[in-house]
2 protein chains.
Amino acid sequence: MARPRMFDEERALDAAMRTFWEKGYEATSTQDLCEATGLGRSSIYNTFKSKHDLFERALAYYIDTMTTAQLAVLEDPRHRAADRIRALFAMVVDGETEHRAGGRSLGCLTVNTTVELAARDSRAAAILERDTARRLTVLRAVIDEGRRDGSITSQRDAEALARFINAAIGGMRISSQGGADRTTLESIAEVTLDALTH
Amino acid sequence: MARPRMFDEERALDAAMRTFWEKGYEATSTQDLCEATGLGRSSIYNTFKSKHDLFERALAYYIDTMTTAQLAVLEDPRHRAADRIRALFAMVVDGETEHRAGGRSLGCLTVNTTVELAARDSRAAAILERDTARRLTVLRAVIDEGRRDGSITSQRDAEALARFINAAIGGMRISSQGGADRTTLESIAEVTLDALTH
DNA sequence: ATAGTTATGGATTGATCGGTTCAAAACTTG
DNA sequence: CAAGTTTTGAACCGATCAATCCATAACTAT
């Protein structure tokens, strides 16, 4: 009954997400978003309430793709728990190697947003907290499985190990953004795994 | 032969540093810097070439105080190597607990800057890289000592362990900014130390 | 005192910010 | 085809951005 959209909303979201990922929230202008999505201002503001709303959607979109893929690896029943965590680290290393701009890794949008916005943007913080809780829940389950299948022998409680693994991933991403190469990231992952078989 | 400064440059630098630490580079306006330092625009631009120059000075000032204090702990000859690393982690945890705003940890200015600027600001990246190199050098030395005094038994090479420890600190800071409390950070530190005595 | 120099506060710059408005274009439905 | 609805692009909004300018105040050296 009316003129249809000439663009795919998800494609626009994906382009906006990549821009926020590369430049951060503050450094991304609405003009940048227009150019990245190929849309005009009106189309963007007609589809999304504001720059911040678009950012929230982009962040949720990022989490929906990235975290979901990572948790799928963690829940793969074909491998023992420790190997799934190893696979998760490999995924992170691949991601850091793959997603770059200006010769540097882009890191991870959730980590970047935690640093840039969590302290003063409660809406973004809430999205991030939900993601962290979800990740930790799956990690705890994997650790319990690892205890049963014998691949994880550390006596630390599952909560501590889950937090440790999540922190290690963050540390790898920071290292990557700081210039660490693939081999370095792989060695960090190896040492991290040592702690699980203590 | 002329009118002297009415303000202490180092105090101004400290105030500017705290502002950049709390809000990040992009979100800090020159107005914010005037208010934080108590100086007028002219005084700031007369003393520092630009907002970016002031930021570089503030970052260097942060590194000069923070990293230097941390490396002093790592070089304390009264304790065995592993205990020095434990003390370093305790220092990080204390710092995260101490420096907060809006109910959240401020994290670490070097980590925050790595995330926000390293990819598109080569000058900031160079400052950060120098700091990382310095930290890694000291960490490698501590690990070598730990091998000798028996407090570090991991067979991984010193470079890998140094990178791992540095990454772990970054991961703890991200966790803290993501809302992790003191107890959680302490448990992450404990598990991290496990990897050194593998 | 006075000449010389710098620091300072306030006004001001052009550019860019996020966001709105509006008329014309484009499409669906009857 | 025509009525009705939404999308779209461009012009435009006040606010704020980093940075500069300038007149005056404040100080030192002679």
Side-chain angles (χ1 to χ4, degrees), chain A residues 1-60 109 112-113 116-117 120-124 127, chain B residues 1-60 112-113 116-117 120-124:
Chain A
M1 200 187 190
R3 180 178 177 180
R5 290 248 161 86
M6 290 194 67
F7 63 92
D8 177 22
E9 192 168 314
E10 185 172 333
R11 288 180 71 89
L13 208 51
D14 188 83
M17 179 267 278
R18 294 189 128 77
T19 309
F20 284 126
W21 190 3
E22 186 174 328
K23 308 183 58 157
Y25 178 75
E26 298 287 352
T28 298
S29 68
T30 53
Q31 186 59 34
D32 291 332
L33 293 167
C34 289
E35 285 163 16
T37 58
L39 303 182
R41 281 182 139 48
S42 299
S43 298
I44 286 183
Y45 277 89
N46 193 35
T47 310
F48 310 97
K49 288 193 296 231
S50 61
K51 177 187 172 185
H52 192 275
D53 181 67
L54 174 52
F55 177 76
E56 285 180 43
R57 296 272 307 268
L59 178 59
L109 184 57
N112 297 1
T113 303
E116 190 186 1
L117 295 181
R120 58 200 169 83
D121 182 338
S122 59
R123 295 180 63 90
I127 294 172
Chain B
M1 203 187 186
R3 179 178 179 180
R5 288 249 162 83
M6 291 193 65
F7 63 92
D8 177 22
E9 193 168 314
E10 186 172 331
R11 288 181 70 89
L13 208 51
D14 188 82
M17 179 266 279
R18 293 188 129 77
T19 309
F20 285 126
W21 190 2
E22 186 174 327
K23 309 182 55 157
Y25 177 75
E26 297 288 352
T28 298
S29 68
T30 53
Q31 185 59 34
D32 291 332
L33 294 167
C34 290
E35 287 162 16
T37 59
L39 303 181
R41 282 186 140 52
S42 299
S43 297
I44 286 183
Y45 276 91
N46 193 34
T47 310
F48 310 97
K49 288 193 296 234
S50 62
K51 175 188 173 184
H52 192 275
D53 181 67
L54 173 53
F55 177 77
E56 285 180 41
R57 296 271 308 269
L59 178 60
N112 297 0
T113 304
E116 190 186 0
L117 295 180
R120 60 202 168 81
D121 181 340
S122 60
R123 296 179 63 90

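Below, read A as the first sequence line, B as the second, and so on, with proteins coming before strands; counting in each chain starts at 1. Note that the coordinates shown come from a computational prediction; the quantities given were computed from them, not determined experimentally. All values below were derived from every heavy atom in this structure, side-chain atoms included, with hydrogens, water molecules and symmetry-related copies excluded.
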*Under 4.0 angstrom, heavy atoms only, what part of the nucleic acid is B:T28 near: base, sugar-phosphate, or nothing?*
sugar-phosphate

*Between B:I44 (CD1) and D:dT20 (C1'), how many Å, whole number?*
14 Å

*Is the backbone N or O of B:S29 less than 3.5 Å from a side-chain atom of B:D32, with the two atoms forming a donor-acceptor pair by type?*
yes

*Would you classify B:F7 as touching base, sugar-phosphate or nothing, given that sugar-phosphate means primed atoms plus P, OP1 and OP2, and contacts are heavy atoms under 4.0 Å?*
sugar-phosphate

_Nearest-angstrom distance from the residue atom NZ of B:K51 to P of D:dT16_ = 15 Å

*Does the base of C:dG9 carry an N or O that pairs as donor and acceptor with the side chain of B:S43 under 3.5 Å?*
no

*Do A:S42 side-chain and D:dA10 base share a donor-acceptor contact under 3.5 Å?*
yes

*Let me know the distance between CD of A:Q31 and C1' of D:dA11, rounded to the nearest Å.*
14 Å

*Between the main-chain N or O of B:Y25 and the side-chain N or O of B:K51, is there a donor-acceptor pair closer than 3.5 Å?*
yes

*Do B:N46 and B:S43 have side-chain N/O donor and acceptor atoms under 3.5 Å apart?*
no

_Could you tell me how far apart B:E35 (CD) and D:dT16 (C1') are, to the nearest whole angstrom?_
13 Å

*Between A:E116 (side chain) and B:G24 (backbone), is there a donor-acceptor pair under 3.5 Å?*
no

*May I have the distance from B:N46 (atom CG) to D:dC21 (atom P), rounded to whole angstrom?*
13 Å

_Rounded to whole Å, please give me the gap between CG in B:L33 and P in D:dT16._
17 Å

*Are side-chain heavy atoms of B:N112 and B:L117 found at a separation under 4.5 Å?*
no

*For A:E26 and D:dC17, what is the distance between atoms CD and P respectively, to the nearest whole Å?*
10 Å

*Does any N or O donor sit under 3.5 Å from an N or O acceptor when you compare the side chain of A:T30 with the base of C:dC17?*
no

*Donor-acceptor pair (no angle test) under 3.5 Å: A:R41 side chain, C:dG19 base*: yes

*asked:* Please compare A:S29 and A:K49 by the position of their nearest nucleotide in DNA chain C and report the one closer to 5'.
replied: A:S29

*asked:* Output the rounded distance in Å from OH (A:Y45) to P (D:dA11).
replied: 18 Å

